[in-house]
Amino acid sequence: MITLEALLRALDLGGTFVFAISGAVAAVNRRADLFGILVLAFVAGNFGGISRDLVIGAVPPAAMSDWRYLLVSIVAGLTTFFLYAGIERLRIPVLIFDAVGLAFFAVAGAQKAIQFGMSPVMSALLGMLTGIGGGMVRDVLLNDIPQVLRSDLYAVAALAASCSVVIGHTLGFPYEASALVGGALCLFLRFMAIGYGWRLPVANLSAHKRTRARKPGEGR
Amino acid sequence: MITLEALLRALDLGGTFVFAISGAVAAVNRRADLFGILVLAFVAGNFGGISRDLVIGAVPPAAMSDWRYLLVSIVAGLTTFFLYAGIERLRIPVLIFDAVGLAFFAVAGAQKAIQFGMSPVMSALLGMLTGIGGGMVRDVLLNDIPQVLRSDLYAVAALAASCSVVIGHTLGFPYEASALVGGALCLFLRFMAIGYGWRLPVANLSAHKRTRARKPGEGR
Amino acid sequence: MITLEALLRALDLGGTFVFAISGAVAAVNRRADLFGILVLAFVAGNFGGISRDLVIGAVPPAAMSDWRYLLVSIVAGLTTFFLYAGIERLRIPVLIFDAVGLAFFAVAGAQKAIQFGMSPVMSALLGMLTGIGGGMVRDVLLNDIPQVLRSDLYAVAALAASCSVVIGHTLGFPYEASALVGGALCLFLRFMAIGYGWRLPVANLSAHKRTRARKPGEGR
């Protein structure tokens, strides 16, 4: 008999592993040393959850007080380090795992926010933050503009998953059911984005061709 | 009859709106999609306040527990998305609103820090952090060096506003009065920086022409 | 008679000063104005400790509630501003001070985490975070990939120091002894890295010459 708590933890650890792989691969591509790879693995796998926990007041964050998050991140980093060529060749499986990790995180993050008494809207946003936070910091540390800001329905898929959990909770459905629906929705959106190029619109800039309009003197 | 609490909240929401616009405009300029624009709007409008709240122990942060901050940020992001050309043409009004937002945030941030028992010096700094934090993270996410680090008396104006509130509080003046003085001081400094090029000094590098002196091997 | 608390505080303030210098020097090299220099000095000197304190629930962080951290950072920033040429010429002393600061921070950070009831493994990691956090944010703000991710046994040296403290604590040794051993280990590793080029391995990329393998469409 699996308890709700155990299920949440398993989802969270699974997501951590997959995202840690994404951080480690990015670090290898930028020629980080072994330690940098482990740091990026830990950050990509755990920063979303840590920032969620800080905001909802769950201190110390689970990723700090439960050694399994650390262990999973280190295993992911070492795996990437020793099997890098293999992982890089497996581009499609990595994309699939990444989508699964996103679904795990968004679902588990929303549920944890609900448990800590956050409002429905904020629980949905915190679920999304759990899903995308690690990847954002990974990109910032590697000096990229976070991919999530401009591509692929990534954050929208996370938001769809966390919204399902929140709506299900509000309507009194069992968590397992709404988590399943939310996770499936997230996977569907990611696969349509990857396979068929579904995108969000960008603002119409055609009237003025400026790509970097901020000038010195515009302040802040 | 306006209470102090209502006044504080109104200042905070006004500042959030203006700064959210600045984040959304920056995101559009970097070709972020609709979601990226909304994220940047929320971050630019709320990160300063969120980091202040985390540091003073006001958990969950107001921007997370009060849905109006989210609503204001989304409205700002959508407005920018649909009216971008219009907003860009209105460069001067945006600069004015930005200065007003900075004054709002610095004043409200300092007052909140005082209410949470921070020391006068730290309250002044936290007021400044509230004013400049959102813009710093906006620039970091878009892969720029934060403008505030090298231009325009921006942070100094925020610090002047928050110092006024703290000094007024220490001397026992009513909050409304010191907030008004601080806000006016902030606006004055920003307008002198924009209109007349007032600047802080930079260190004298003429003796050695290096712009990026850190070399591999120097470590941290 | 020096108490443990006073010793911890002195180590922390010493580390803050040295790291604040490193932040100020980096800011000057990027042509930040006086204010930007002070901000970078404060961030580089205190962000590691602030993030540790947020994570372990020591709110408000010591760097915010104790004015001496601020004072030390400002003195470091002003010193750098006025004596920049001198400081730059003293490259070796700065490297030495930086290594000493790292040892201070890692040792003091691990001890504080232990005092707040963190597990041994997490205390060691938080000691390391205290040591490397300020430098990471300094580099991110200046739009660099953090040096610590790819060079010089920097983080490993910090980890060695914090592990010594944690192991000593677990075995019941007096704090002063294990702090001394940890600090010496940290200095030894840094000097071997600087003087003899000790490095961690990087992953073998020879089979595929890609340095930036992430492509649009790979998502997060």
Side-chain angles (χ1 to χ4, degrees), chain A residues 51-59 113 116-126 128-129 132-133 136-137 139-159 193 199-208 210-220, chain B residues 19 22 24-40 42 44 50 53-54 57 59-61 64-67 70 80-82 84-85 88-89 91 94-95 98-99 101-102 131-132 134-136 138-144 146-148 150-152 154 190 193-194 197:
Chain A
S51 52
R52 176 203 57 206
D53 287 352
L54 286 182
V55 163
I56 64 178
V59 176
F116 272 76
M118 304 299 288
S119 73
V121 171
M122 280 306 154
S123 296
L125 283 179
L126 286 167
M128 184 190 75
L129 174 68
I132 70 177
M136 286 181 77
V137 176
D139 291 346
V140 165
L141 284 180
L142 294 176
N143 216 353
D144 279 328
I145 295 181
Q147 286 292 319
V148 65
L149 294 181
R150 42 182 180 184
S151 66
D152 287 321
L153 292 183
Y154 199 88
V156 171
L159 191 57
R199 292 282 181 281
L200 286 181
V202 298
N204 181 9
L205 284 175
S206 57
H208 36 110
R210 328 159 63 179
T211 54
R212 293 189 56 164
R214 194 140 31 96
K215 282 182 288 299
E218 276 190 48
R220 183 170 150 119
Chain B
F19 280 167
S22 86
V25 167
V28 169
N29 286 337
R30 295 304 189 81
R31 319 284 327 188
D33 65 15
L34 176 55
F35 179 82
I37 293 168
L38 293 177
V39 168
L40 260 291
F42 185 80
I50 290 175
D53 287 352
L54 287 181
V59 175
M64 289 288 162
S65 56
D66 182 337
W67 55 270
L70 177 66
T80 306
F81 183 75
F82 288 113
Y84 179 77
E88 189 63 2
R89 223 172 292 131
R91 206 177 83 82
V94 165
L95 273 179
D98 183 78
L102 184 68
I132 70 176
M136 287 181 77
R138 176 201 64 200
D139 291 345
V140 165
L141 284 179
L142 294 176
N143 216 355
D144 280 328
Q147 285 292 320
V148 65
R150 42 182 180 184
S151 65
D152 288 321
Y154 199 88
R190 280 300 290 153
I194 296 168

As an exercise, state the distance from CZ of B:F42 to CG of A:L129, rounded to the nearest 0.5 Å. 9.5 Å
Residue among B:L141, B:L40, B:V39 with most heavy-atom pairs under 4.5 Å to chain A: B:L141
I'd like to know if the side chain of B:N143 reaches the main chain of A:N143, judged simply by a donor and an acceptor atom lying under 3.5 Å from each other, with no hydrogens or angles considered. yes
Taking side chain as C-beta onward, heavy atoms only, is A:L126 less than 4.5 Å from B:M64? yes
Of all heavy-atom pairs linking A:V121 and B:L70, the shortest is CG1-CD2, 3.3 Å
